[in-house]
Amino acid sequence: MLVRMRVLADADPTPLSTIRDMTIETDGQQIPARLYDRRPSRDESPVVLFYHGGGFMVGDLETHEPFCTYLADRIDLPVLAIDYRLAPEHPFPAAPDDAEAAARWAAESPADLGFRVSSMITCGDSAGGNLAVVVARRLASRPAAVPVIAQWVIYPFFGCGKDYPSFNLFGDGYMLTEAAMDWFDQGYGAPPEDPRHNCRIGPAAPGVPLLIHTAGLDPLRDHGRAYAEKAREEGVPVRLIEADGLIHGFICLRRAIPSAVADIDAFIAEAKAMLAHCDLRPRPKR
């Protein structure tokens, strides 16, 4: 259904010079991935690691391809989408294990990428936003070959329960429902106190700028607001923006909800502004 919804509700993919499938072989796993780039080649560049949403149970490279192509074109950086393993066949911690392994693989500038990776930005929507933050935290505590310089997350799920007003306000009738979230939680099987699931537990990635884009009519809206407050209190540079009047999943609904385009553009503008303050200098060769 999610794949079909792309055809009906999302915009067509943006034409790019580079769209290339590859397989990440690491830690005994083969993780499918897809590289998007507006340029045919690069020598050295930051890379955006994109983790798709879908409650850790649905979604793939196809469901989020229109957004990934749009982001790669507008941000003018290579975007590497990661097709991590999904529950219930692969419950927690398969998703964060794959997400972290893929980041460490990319940090080594493997030949498959075709360019030298200078730094990484973790990015994702919904459950993928959770993975983006978890990976940034894990790589802050045990660094990879190159650093994570920013975290960009969209209507993120942070695994911190339902005790928030937005769950009561928007838990039914706004596409993502409380019943669906319960189904996702049951299939995923993550311990509620594990910091690789519940991002309110444990420290935020120190010093790694964080961009959070919430949706105004989303049951997860207050997850994003609460984590932004936590990260700010810990000294992390945070930019919190909100898509007023939009529902969860809007980055995949540009045809159905044309006003979502302006909010996606606002997110990309904030991401560019954040990059302007990041250290993008080439890293010494190892």
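Predicted, not measured: the structure shown is a model, and the values here were computed from it. The figures that follow rest on heavy atoms only: side chains count, while hydrogens, waters and symmetry mates do not.
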| said: Would Trp105 and Leu80 count as a side chain to side chain contact (heavy atoms under 4.5 Å, CB included) here? Give the steps. | reply: CA-CA 11 Å; Trp105 177 87; Leu80 183 65; 4.1 Å; yes
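- Rounding to the nearest 0.5 Å gives a distance of 7.0 Å between CG of Leu61 and NE2 of His52.
- Judged purely by distance below 3.5 Å, without hydrogens or angles, the side chains of Thr214 and Glu242 pair a donor atom with an acceptor atom.
- Taking the ring centre of Tyr70 as origin, the terminal cationic atom of Arg254 falls inside the region bounded by 6.0 Å and 45° from the ring axis.
- A 4.5 Å side-chain heavy-atom check between Asp21 and Pro32 finds every atom pair outside the cut-off.
- Closest of all the heavy-atom pairs between Thr122 and Ala132 is OG1-O, 3.0 Å.
- Side-chain atoms of Gln151 come within 3.5 Å of backbone N or O of Val208 as a donor-acceptor pair.
- Atom CD of Glu229 is separated from atom CD of Glu234 by 11.0 Å, given to the nearest 0.5 angstrom.
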| request: For side chain to side chain contact (heavy atoms under 4.5 Å, CB included), just list the numbers for Ile31 and Thr23, CA-CA rounded to whole Å, side-chain angles, deciding distance to a tenth of an Å, and then say yes or no. | output: CA-CA 6 Å; Ile31 307 169; Thr23 300; over 6 Å; no
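- You'll find the side chain of Gln30 stays beyond 4.5 Å of the side chain of Ile24, heavy atoms only.
- Across Arg38 and Asp76, no two heavy atoms sit closer than the pair CD-OD1, 2.9 Å.
- Considering all non-hydrogen atoms of both residues, Ala205 and Ala136 come closest at CB-O, 3.7 Å.
- Using a 4.5 Å heavy-atom threshold, the side chains of Val153 and Leu210 count as touching.
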| task | Mind running side chain to side chain contact (heavy atoms under 4.5 Å, CB included) on Tyr188 and Leu86 for me, showing each step along the way? | result | CA-CA 8 Å; Tyr188 188 43; Leu86 299 175; over 6 Å; no
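- The distance between the ring centers of His64 and Tyr51 does not fall below 6.0 angstrom.
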| task | Given side chain to side chain donor-acceptor pair (under 3.5 Å), test Asp125 with Tyr155 step by step and report yes or no. | result | CA-CA 6 Å; Asp125 74 313; Tyr155 42 79; 3.0 Å; yes
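- The six-membered or imidazole ring of Tyr36 lies away from that of Phe50, with a centre-to-centre distance of 6.0 Å or more.
- When Asp182, Asp185, Asn168 are each tested for a side chain to side chain donor-acceptor pair (under 3.5 Å) with Lys162, only one passes: Asp182.
- No side-chain donor-acceptor contact under 3.5 Å links Ser118 to the backbone of Glu44.
- Taking a cutoff of 4.0 Å between a charged side-chain nitrogen and a carboxylate oxygen, Glu62 and Arg4 do not qualify as a salt bridge.
- In this structure, CH2 in Trp152 is found 8.0 Å from CG in Leu211, a value given to the nearest 0.5 Å.
- A distance of 5.5 Å separates CG of Asp98 from CD of Gln29, quoted to the nearest 0.5 Å.
- Residues Val133 and Ile251 are members of separate hydrophobic clusters, defined by side-chain heavy-atom contacts under 4.5 angstrom among Ile, Leu, Val, Met, Phe, Trp and Tyr.
- Looking at Asp97 and Arg196, a side-chain N of the basic residue comes within less than 4.0 Å of a carboxylate O on the acidic one, giving a salt bridge.
- By the 4.5 Å heavy-atom criterion applied to side chains, Val47 and Val79 are not counted as neighbours.
- Looking at Arg116 and Asp43, no side-chain N of the basic residue comes within less than 4.0 Å of a carboxylate O on the acidic one, giving no salt bridge.
- Counting only heavy atoms from C-beta outward, the side chains of Asp10 and Met5 never approach each other to under 4.5 Å.
- Gly114 approaches Arg20 most closely through the heavy-atom pair N-NH2, 4.2 Å.
- Taking the charged nitrogens against the carboxylate oxygens, Asp265 and Lys272 have no contact shorter than 4.0 Å, which rules out a salt bridge.
- Between Arg85 and Glu89 there is no salt bridge, since none of the side-chain N atoms of the basic residue sits less than 4.0 Å from a carboxylate O of the acidic one.
- Salt bridge Asp12/Arg255: present, at least one basic N to carboxylate O contact under 4.0 Å.
- Under the 4.5 Å side-chain heavy-atom criterion for ILVMFWY residues, a single connected hydrophobic cluster contains both Met181 and Phe92.
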| request: List the steps, then state whether side chain to side chain donor-acceptor pair (under 3.5 Å) holds for Ser166 with Asp222. | output: CA-CA 6 Å; Ser166 59; Asp222 294 346; 3.3 Å; yes
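- Side-chain contact between Asp244 and Leu217 is absent, with no heavy atoms from C-beta onward closer than 4.5 Å.
- Aromatic ring pairs are classed by plane angle as parallel below 30°, tilted from 30° to 60° and perpendicular above 60°; the pair Phe67 and Phe267 is tilted.
- Contact of the Pro46 side chain with the Ile121 side chain is registered, since non-hydrogen atoms from C-beta on lie closer than 4.5 Å.
- Using a distance-only test at 3.5 Å, with no hydrogens or angles considered, a donor-acceptor pair links the side chain of Ser109 to the main chain of Val117.
- Without hydrogens or angle criteria, Asp60 side chain to Thr63 main chain gives a donor-acceptor distance under 3.5 Å.
- Taking CG of Leu220 as the start and CG of Asn130 as the end, the distance is 10.5 Å to the nearest 0.5 Å.
- Formation of a donor-acceptor pair under 3.5 Å by the Ser126 side chain with backbone atoms of Gly53 is not found in this model.
- Following chains of ILVMFWY side-chain contacts shorter than 4.5 Å, one cannot reach Leu240 starting from Met274, and the two form parts of different hydrophobic clusters.
- Between His248 and Tyr174, a ring centre-to-centre spacing not shorter than 6.0 Å is recorded.
- In this structure, the separation between CG on Asp37 and CG on Leu113 is 10.5 Å, given to the nearest 0.5 Å.
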| Passes side chain to side chain contact (heavy atoms under 4.5 Å, CB included), Met120 versus Ile149? Steps please. | CA-CA 6 Å; Met120 299 182 292; Ile149 59 170; over 6 Å; no
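- The minimum heavy-atom distance linking Leu16 with Ala72 is given by the pair CD1-CB, 4.1 Å.
- Taking each heavy atom of Tyr164 and Ala226 in turn, the nearest pair found is CE2-CB, 3.8 Å.
- Taking the six-membered ring for Trp and thresholds of 30 and 60 degrees, Phe56 and His197 have ring planes inclined between 30 and 60 degrees apart.
- The closest donor-acceptor contact from the side chain of Arg137 to the backbone of Cys199 lies under 3.5 Å.
- With hydrophobic clusters built from ILVMFWY side chains whose heavy atoms lie under 4.5 angstrom apart, Leu49 does not share a cluster with Ile212.
- Placement of Met57 and Leu2 within a single hydrophobic cluster is found when ILVMFWY residues are connected by side-chain heavy-atom separations under 4.5 Å, directly or transitively.
- A 4.5 Å side-chain heavy-atom check between Asp27 and Glu100 finds every atom pair outside the cut-off.
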